[in-house]
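Convention: sequence-line order gives letters A, B, ...; per-chain numbering from 1. Source: prediction; values computed, not measured.
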Protein chains: 2
Amino acid sequence: MIDREGPVPPYRQIANALRERIASGAIPPGRRIPSLIELEAEFGVARDTLRKAVRVLKDEGLVETVTGMGIYVVQRESSPSES
Amino acid sequence: MIDREGPVPPYRQIANALRERIASGAIPPGRRIPSLIELEAEFGVARDTLRKAVRVLKDEGLVETVTGMGIYVVQRESSPSES
DNA sequence: TCACATTTGTACGTATGTATC
DNA sequence: AGATACATACGTACAAATGTG
């Protein structure tokens, strides 16, 4: 799933993959993204790498992280707790 | 130098300290910031922590990192190599 | 061309703290 | 009290880019 030969670092590949899932509606707004532990198992990378990927999406405003809860796909201007 | 008791995490304290040096002119535009290794010795924190601090300043557009060179205080719209 | 040192970039593993359920 | 989950921090390792000799 992760191409470790190419020039694109894993954390960006994962960010792209997750962004695609969000854009395609596979993970709809307000829904939670798989936890870092689940993503760790899925992509076979360290949590720090996943956190970097999440950080990218966070900077893009696509997701919001809620401590103790998870990572949520943003709706528009509402927080995940409102759903 | 770093207060590990208070609520402000070290990487933010360092970001604040570096931002202050830039704002005060202690490190003028176009100049290089001490390398991560030097900062590591100065602040007594891990490089990962320093990276987070630098990341904050980078997001604020205050500095630019150049692989193999260093971290530079941005001028306005010019690159460090033009100095 | 080549080797080397320096510096940032990326990645992994681990541990602790904090918040939520 | 316990499980889950993100935030922060440390240590380590290797890769990539740059400059020098």
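Here the CE-CZ distance, from B:Met69 to B:Arg32, works out to 8.5 Å after rounding to the nearest 0.5 Å.
Comparing D:dA7, D:dA5, D:dC10 by their nearest atom to the side chain of A:Thr65 picks out D:dA7. Looking at the side chain of A:Thr67, the nearest of the listed nucleotides C:dA19, C:dC12, D:dT8 is C:dA19. In the set D:dC10, C:dC12, D:dA5, the nucleotide with an atom closest to the side chain of A:Ser35 is D:dA5. Comparing atom distances between the B:Ala46 side chain and each of D:dC6, C:dT7, D:dG11 picks out D:dG11 as nearest.
Using a 4.0 Å heavy-atom cutoff across all strands shown, B:Val45 reaches sugar-phosphate atoms only and no base atom. Looking at heavy-atom distances under 4.0 Å, A:Arg4 makes contact with sugar-phosphate atoms alone, never a base. Contacts of B:Arg51 with the nucleic acid, taken as non-hydrogen atoms under 4.0 Å apart, include base atoms.
Taking atom OH on A:Tyr72 and atom P on D:dA5, their separation rounds to 10 Å, with Å as the unit. Rounded to a whole Å, the CG atom of B:Leu39 is 12 Å from the C1' atom of C:dT8.
In terms of position along DNA chain C, the nucleotide closest to B:Ile33 lies nearer the 5' end than the nucleotide closest to the other residue of the pair B:Ile33 and A:Met69.
Between D:dT8 and B:Arg12, a contact under 4.0 Å exists linking OP1 or OP2 to a side-chain N or O.
When each of A:Arg51, A:Lys58, A:Arg55 is tested with A:Thr65 by the rule side chain to side chain contact (heavy atoms under 4.5 Å, CB included), just one qualifies, namely A:Lys58.
Placement of B:Leu50 and B:Met1 within a single hydrophobic cluster is found when ILVMFWY residues are connected by side-chain heavy-atom separations under 4.5 Å, directly or transitively.
The salt bridge (charged side-chain N to carboxylate O under 4.0 Å, His left out) search around A:Arg21 returns A:Glu42, not counting sequence neighbours.
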